[in-house]
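Computed from heavy atoms alone, side chains included, the values below leave out hydrogens, waters and symmetry copies. All chains are named by letter (A, B, ...) in the order of the sequence lines, taking the proteins before the strands, and each is independently numbered beginning at 1.
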2 protein chains.
Amino acid sequence: MPDIKHFDPDAALDTVVRLFWRQGVAMTGIQDVVTATGLNRSSLYATFGGKQELYLAALRRYQEQWSRPAFRGLADDRRGLPAVAEFFDALIEVRCSGEYARWGCMVSNAQAGAENGDAEVRAFLHRHHEELRDALCAALVRAEAQGQLAAGTEPGVTADLLALLAYGVNLRSRTGADAGSLRATVGAALRSLTSRTAE
Amino acid sequence: MPDIKHFDPDAALDTVVRLFWRQGVAMTGIQDVVTATGLNRSSLYATFGGKQELYLAALRRYQEQWSRPAFRGLADDRRGLPAVAEFFDALIEVRCSGEYARWGCMVSNAQAGAENGDAEVRAFLHRHHEELRDALCAALVRAEAQGQLAAGTEPGVTADLLALLAYGVNLRSRTGADAGSLRATVGAALRSLTSRTAE
DNA sequence: GCTATCTTGAAACGGTCGTTCCAAGTACCA
DNA sequence: TGGTACTTGGAACGACCGTTTCAAGATAGC
């Protein structure tokens, strides 16, 4: 017998993701959320709970919508190093041009912010890092099997290295690093992993 | 004929650096500053100006006290790659243990936060990045001259690469990455730059 | 169409934000 | 020692924070 929602929670959450992504959680007030989504405080709190829960929901949505597809594409690609190169190309493209240019990565931003004080946020960040690392590792294992890696290049530790590199790209892109420079840097990194005989 | 300050502005600024470094500017209120430094609002505003100016002063102080010495040590070291390795070792040490463990880097944190909206902050971040890059480049040029680098490894682009890596270390350390894992990752990166014949 | 149950709008909550103001205090110079 | 330029303590400012509350509105089953 109840009334039903007069709005689409998913669309609202997408709007919230953009807010937190661009401005960070500390600089985004509930009033900003109310204004951007068009719905009022009652509906907000009834649907998502308080600000911290809303932020966590936004983080998870960001992961589902942005990280996970990229990770899956990387892990499922059978080409080895070219898959890694394509992953970074797409990353730099999103970070430096289009609607989300200079927004950085919402997850990387969360790592630097004080929002990582929350235990649930920290757990999320830990899981997210592992997923990135695992996807990179899967691609690197394939690269190794195809003889694309220089001798002594272990997929595991190299995946960690490339993950750190991705974080660096995310950070620098938010400050306005240009795509060309980032591409050159990532290209040099991948080349340094390459087996010379395979070139 | 005036009265003189009843406190040490330098010591107060050091305390403020710690606050902004650990909690970020958005999560740190003026009340926190007042409590931590022990001085009152009047003295604060008379000495440093408003919050944004205080934050900028803290950023510059952090750079002078932490970044610059490390950069100078790196750029002045004549050993080449060992200097780079030592730079990263010291970085990881500070980031993962002691008083500042899990605080990350105040400058890297600023890159991710919304505080980079301010034009002066952005200019500061740009300069800081160039100083890091230049110091790394100087060490890499020496490494190249001594035949420590693999063929085709350009000091310039490699400096960019290692700078991104340092940002990654800063970010991950704030979330609680352990020193051993970071050291292994950085070690692998440096090994991938090494000329095989020099080993 | 009545009622039960949820949603919605809007006002209001206490608290904290960054900042300002002013009276009282204090050290230097004449 | 008096005057003066500055510092200091502390109250107060309006604005905004995240959150709660509640009456009015809306829907589905009876």
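The CD-C1' distance, from E53(A) to dG18(D), rounds to 12 Å in whole Å. One atom, CG of L54(A), and another, C1' of dG18(D), lie 12 Å apart when rounded to the nearest Å. Distance CG (D3(B)) to P (dT4(D)): 17 Å, rounded to an integer number of Å. Spacing between atom CZ of F7(A) and atom P of dT27(D) amounts to 15 Å, rounded to whole angstrom units. When the C1' atom of dG25(D) is taken as reference, atom CG of L39(A) falls 17 Å away, rounded to whole Å. In this structure, E115(A) places its CD atom 13 Å from P of dG18(D), rounding to the nearest Å. Across the protein-nucleic acid pair, L44(B) atom CG and dT7(D) atom P stand 13 Å apart, rounded to whole Å. The NE2 atom of H6(B) sits 8 Å away from the P atom of dT26(C) (whole-angstrom rounding).
Between S43(B) and the phosphate of dT7(D), there is no side-chain N or O to OP1/OP2 separation shorter than 4.0 Å.
Residue pairs meeting the side chain to side chain donor-acceptor pair (under 3.5 Å) criterion with at least one partner in residues 101-113 of chain A, sequence neighbours excluded, are S108(A)-N170(A), Q111(A)-T175(B).
Of all heavy-atom pairs spanning P69(B) and E64(B), the tightest one is CD-O, 3.1 Å.
No donor-acceptor pair under 3.5 Å is formed between the side chain of D134(B) and the backbone N or O of C137(B). A distance-only check finds no donor-acceptor pair linking the side chain of R142(A) to the backbone of R79(A) [under 3.5 Å].
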A correct 5'-to-3' footprint of nucleotides 13-24 of chain C, with B, S and - meaning base, sugar-phosphate only and no protein heavy atom under 4.0 Å, is ----SSBBB---

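Both L190(B) and L74(B) are assigned to one and the same hydrophobic cluster, defined by single-linkage of ILVMFWY side chains at heavy-atom distances under 4.5 Å.
Using bins of under 30°, 30° to 60° and over 60° for the plane-to-plane angle, the ring pair W21(A)/Y100(A) lands in the parallel bin.
Candidate nucleotides dC6(C), dG9(C), dC28(C) were compared by shortest atom distance to the side chain of I4(B), and dC28(C) ranks first.
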